[in-house]
Structures are given as C-alpha cells and as structure tokens.
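Let me begin by presenting the structure, written as structure tokens, before commenting on it.
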Amino acid sequence: MINSNITIALKNHMIKYEIRKVSIFKLSSLKYEINSIKNVIIENRQVCLEIVCPLCGQNHKYEYSIQEVLNSKLIVGGCKEIYIPLFYIGDQEKVLEKVKLFNSTNNKVYALL
C-alpha cells in the first residue's frame with residue numbers, strides 16, 4: 001500500500017510557514033485553509049498548485065507528477081521573481097528541518113537588528 005500522506009509548509013503573508021500534513025489526494029482542501037493557495041488541481045496524474053506569492057504579490061503556478069510528490073523526500077518551490085523558497089513539500093521530517101532552519105536564521109537576523 002502506498003503512503004499518500006505528505007507535509008507541506010507554505011509561507012503566508014506574514015512570511016511565516018504554515019505547515020499541514022495531508023493526503024496528496026486531499027491537497028485541494030488546503031485552498032480553504034491557507035490564504036496564499038489560490039487553487040489546487042489534481043488530474044492526469046499531475047498536481048498543479050497556484051499560489052499567491054507573499055513575497056512578490058504575483059500568482060505562481062507549479063506542476064508536479066503525483067509520483068514525483070510521493071517519491072521525493074523534499075520538493076522546494078520558490079518565488080519565480082526573486083528566487084527565494086516559498087514552500088516545501090515532502091517527507092515530514094525533511095520539511096520540518098527546513099522550516100526550523102528558516103526560523104532559526106530569521107530569529108538571528110532579528111536579534112542583530
């Protein structure tokens with residue numbers, strides 16, 4: 001049996017990550033939970049995400065095969081204008097590791113200010 005659960009961490013308008021664990025087949029429900037997700041379409045063995053970028057304000061579209069999402073330890077999607085990571089999808093441990101690193105770095109920058 002295939003494990004269809006994935007973890008997604010997506011930056012919100014406050015530039016903080018919102019983290020959710022969800023079945024890949026229920027990803028579309030996240031558009032009702034996370035404001036920056038404009039749309040999620042799952043068809044033809046593809047996952048299409050449309051995200052309102054909190055970094056540049058534009059809509060970005062990302063497309064991955066369901067197989068790629070389920071088999072990858074970590075997928076990093078970035079702002080297509082300024083090339084900064086916007087979301088992480090994959091194994092819960094890997095996603096949380098990246099979010100923890102981001103939070104740690106952010107806290108150090110704020111401490112310097």
Side-chain angles (χ1 to χ4, degrees):
M1 190 153 111
I2 296 174
N3 181 4
S4 65
N5 290 329
I6 58 168
T7 299
I8 182 169
L10 176 64
K11 282 184 184 171
N12 62 21
H13 68 283
M14 306 253 325
I15 315 302
K16 299 219 180 257
Y17 280 101
E18 292 190 50
I19 303 167
R20 300 287 191 282
K21 186 172 183 177
V22 66
S23 165
I24 192 167
F25 303 106
K26 296 191 179 194
L27 264 177
S28 58
S29 68
L30 291 180
K31 67 183 173 188
Y32 304 109
E33 295 180 37
I34 302 175
N35 289 338
S36 53
I37 297 178
K38 186 171 181 178
N39 202 7
V40 178
I41 299 170
I42 300 172
E43 64 183 20
N44 299 325
R45 298 182 184 166
Q46 297 286 313
V47 176
C48 302
L49 299 168
E50 185 174 359
I51 296 173
V52 180
C53 181
L55 302 172
C56 74
Q58 295 184 14
N59 289 354
H60 301 311
K61 292 183 181 181
Y62 305 87
E63 190 170 316
Y64 306 100
S65 73
I66 289 175
Q67 201 66 26
E68 179 182 8
V69 174
L70 292 176
N71 292 335
S72 296
K73 291 287 185 185
L74 186 69
I75 294 172
V76 180
C79 172
K80 294 181 178 185
E81 293 295 316
I82 58 177
Y83 306 104
I84 293 177
L86 182 57
F87 64 85
Y88 301 104
I89 298 174
D91 176 70
Q92 184 174 6
E93 186 178 318
K94 295 290 184 188
V95 170
L96 294 178
E97 184 181 299
K98 289 293 186 180
V99 171
K100 184 178 178 182
L101 178 62
F102 171 81
N103 290 339
S104 173
T105 303
N106 235 20
N107 290 339
K108 288 176 185 175
V109 169
Y110 283 122
L112 290 174
L113 298 176

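Remember, it's a predicted structure, so these values are computed and weren't measured experimentally.
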Worksheet item: Do Phe25 and Ile66 have side-chain heavy atoms sitting under 4.5 Å apart?
Response: yes
Worksheet item: When rounded to the nearest 0.5 angstrom, what distance separates CG in Asp91 from CG in Leu70?
Response: 12.0 Å
Fill in: Separation between CG of Leu27 and CD1 of Ile42, rounded to the nearest 0.5 Å
5.0 Å
Worksheet item: Can you list every side chain to side chain donor-acceptor pair (under 3.5 Å) pair that touches residues 26-47, not counting sequence neighbours?
Response: Arg20-Glu33, Lys31-Asn39
Fill in: Pairs satisfying side chain to side chain donor-acceptor pair (under 3.5 Å), at least one member in residues 52-81, at least two apart
Glu50-Asn59
Discussion item. For Ile84, give me all partners under side-chain contact (heavy atoms from CB on, under 4.5 Å), at least two apart in sequence or on another chain.
Written reply: Lys11, Leu55, Ile82
Worksheet item: Which atom pair, heavy atoms only, marks the closest approach of Val76 to Pro85?
Response: CG1-CB, 4.1 Å
Worksheet item: Can you check whether Pro54 reaches Asn12 side chain to side chain, under 4.5 Å on heavy atoms?
Response: no
Worksheet item: Which heavy atom of Gly90 sits nearest a heavy atom of Val95, and at what distance?
Response: N-CG2, 3.7 Å
Worksheet entry | Distance-minimising heavy-atom pair for Ile89 and Ile6 | CG2-CD1, 3.7 Å
Fill in: Distance in Å, Ile8 CD1 paired with Leu49 CG, rounded so as to fall on 0.5 Å steps
6.0 Å
Fill in: Non-hydrogen atoms of Ala9 and Val99 that approach each other most closely
CB-CG2, 3.6 Å
